[in-house]
Amino acid sequence: MIAGSAATTVTGVCAGTAHAAVPASPGVTYTNTIAEQRADPHIWKHTDGYYYFTATVPAYDRIVLRRATTIQGLSSAAETTIWTKHATGEMGAHIWAPEIHFIDGKWYVYFAAGAANDVWKIRPYVLECTAANPITGTWTEKGRIALPLDTFSLDATTFVVNGSRYLCWAQNDPAVGSGTNLYIAKMSSPWTITGSTVMISRPTASWETAGGQTVNEGPAVIQRNGKVFMTFSASATDANYCMGLLTASASANLLSASSWPKSTSPVFASNAATSQYGPGHNQFTVSEDGKSDILVYHDRSYKDISGDPLNDPNRRTRVQKVYWKADGTPDFGIPVADGLTPIRLSSYNFPDRFIRHWEFRAKTEANVAPLADSQFRVVTGLAGSGTVSLESANFPGYYLRHKNFEVWVEKNDGTAQFRSDASFTARAGLADSAGVSYESYNYPGRYIRHYDYLLNVQALSTATDRADATFYTQ
């Protein structure tokens with residue numbers, strides 16, 4: 001269970017203008033991809049200071065686990081096989097989508113598996129480990145999770161709301177129709193459900209049935225401000241794969257389908273501009289400082305697949321920060337390009353406003369939509385010499401640059417002029433050293449600042465000028 005991070009607050013007075021406190025969820029960056037050929041990823045941040053990572057391997061024959069003290073460190077961490085499929089009978093094929101959880105002082109792995117003699121007899125199973133270190137400890141089989149229907153079922157996940165533990169999973173019910181739906185039930189133990197089972201989502205929209213598949217699967221839960229947000233994946237496992245969202249009040253009856261209204265469109269989907277296709281089967285973790293919620297998911301770097309997508313091994317594990325809208329709902333943005341993940345820059349003296357581009361003009365604005373208009377990668381400066389450049393998240397290859405001292409987002413044309421105009425020296429914030437100010441590379445003494453909400457590169461002389469030129473990373 002992941003608790004959402006706190007929102008930015010407003011405090012104090014500077015030159016008669018309210019300004020932001022240092023954001024409760026400051027900027028955090030990672031470099032994707034975290035793990036090649038690892039699908040259906042799950043990262044658990046534990047109290048021992050380690051992140052534990054497991055995922056589906058392309059051979060579908062085992063469960064692997066690695067750990068590191070940072071999310072990025074999982075990329076190079078040693079990987080251990082903690083369990084291998086059976087040679088015969090149940091749990092003998094299609095070992096899919098493991099999740100690792102720590103419950104009541106013990107480790108549990110939830111996974112799906114087929115039978116050696118019937119590979120599509122997919123059912124959910126549970127492993128248990130009582131050791132402090134689940135990588136070196138012994139894992140025992142708690143067996144199959146008994147469900148009311150003995151049909152194709154997978155992607156079990158568990159979470160707690162108001163002291164009650166729930167299981168949510170995907171399953172086919174022939175009486176309902178083809179494909180998989182999402183179901184929920186309470187749990188009496190980490191491997192046992194109890195009471196009624198309720199279907200809370202059925203794939204009916206075009207974005208849930210694309211690619212010839214009727215799919216709701218891969219549920220994942222994040223909680224914030226009295227709301228339970230359940231993401232899920234939909235459609236075929238190719239470029240059509242995407243994420244939807246169910247939302248419930250934590251005080252509602254979670255065993256009622258009416259408590260879970262569904263998003264009318266995907267909340268996370270393929271993006272040709274960033275070359276990310278089929279994002280989904282996500283989970284959530286938190287940043288190293290505990291202040292940012294992190295989306296963990298897989299996708300591919302290409303759209304076209306030869307043959308069955310399940311035989312394509314190149315789904316890979318990725319992470320990026322989750323942002324929260326003013327109304328308290330999550331904003332996942334777009335699957336960002338390979339490499340460094342982007343940040344947002346909020347105004348020091350107008351804390352609800354972020355730097356964004358609108359028709360390629362740079363400005364500050366509140367409630368930015370789409371989110372990616374306000375996301376930038378802070379990369380090595382195009383002019384070098386210790387500078388930085390700010391690359392647009394949704395227009396890779398486009399950068400913040402000044403021309404006639406106005407700031408625009410434009411495509412790098414390869415000229416020396418562009419490289420100079422798009423390079424800045426990052427300084428400690430002129431109004432607050434916890435922030436950042438950007439000094440022009442080719443016009444030293446001039447800084448990016450907002451004026452009438454538009455960004456310009458200007459010389460500064462007053463406290464207001466310095467406040468206008470100070471930003472916080474988020």
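Small disclaimer: the values here were computed from a predicted structure and weren't measured. Numbers for residues simply follow the sequence, beginning at 1.
Under the 30°/60° scheme for interplanar angles, the aromatic rings of Tyr241 and His298 are found to lie parallel. Taking the six-membered ring where the residue is Trp, Trp120 and Trp96 present perpendicular rings, their angle passing 60° and hence far from 30°. A parallel orientation is assigned to the rings of His357 and Phe360, their planes being inclined by less than 30° (bins at 30° and 60°).
A cation-pi contact links Arg344 to Phe354, judged by a cut-off of 6.0 Å to the six-membered ring centre and 45° from its axis. Taking the centre and axis of the six-membered ring of Tyr277, the NZ or CZ atom of Arg300 falls outside the cone set by 45° and 6.0 Å.
Under the 4.0 Å criterion applied to side-chain N and carboxylate O atoms, Asp299 and Arg316 are assigned as salt-bridge partners. A salt bridge is defined here as a Lys NZ or Arg NE, NH1 or NH2 lying under 4.0 Å from an Asp or Glu carboxylate O, and Glu365 with Arg353 fails to meet this definition. Using a 4.0 Å cut-off between charged nitrogen and carboxylate oxygen, Glu208 and Lys262 count as a salt-bridge pair.
Taking the six-membered ring for Trp and the full ring otherwise, Phe102 and Trp107 have centroids separated by under 6.0 Å. For Tyr348 and Phe471, the ring centers are positioned 6.0 Å apart or more.
Screening Trp324, Phe284, Phe332 for a ring-ring contact (aromatic ring centres under 6.0 Å, His included) with Phe229, the sole residue that qualifies is Trp324.
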List the steps and the verdict of ring pair (Phe, Tyr, Trp, His ring centres under 6.0 Å) for His101 and Tyr110.
CA-CA 8 Å; His101 295 260; Tyr110 295 79; 5.6 Å; yes
Given Asp48 and Tyr52, is the side chain to side chain donor-acceptor pair (under 3.5 Å) satisfied, shown in steps?
CA-CA 10 Å; Asp48 64 359; Tyr52 290 86; 2.6 Å; yes
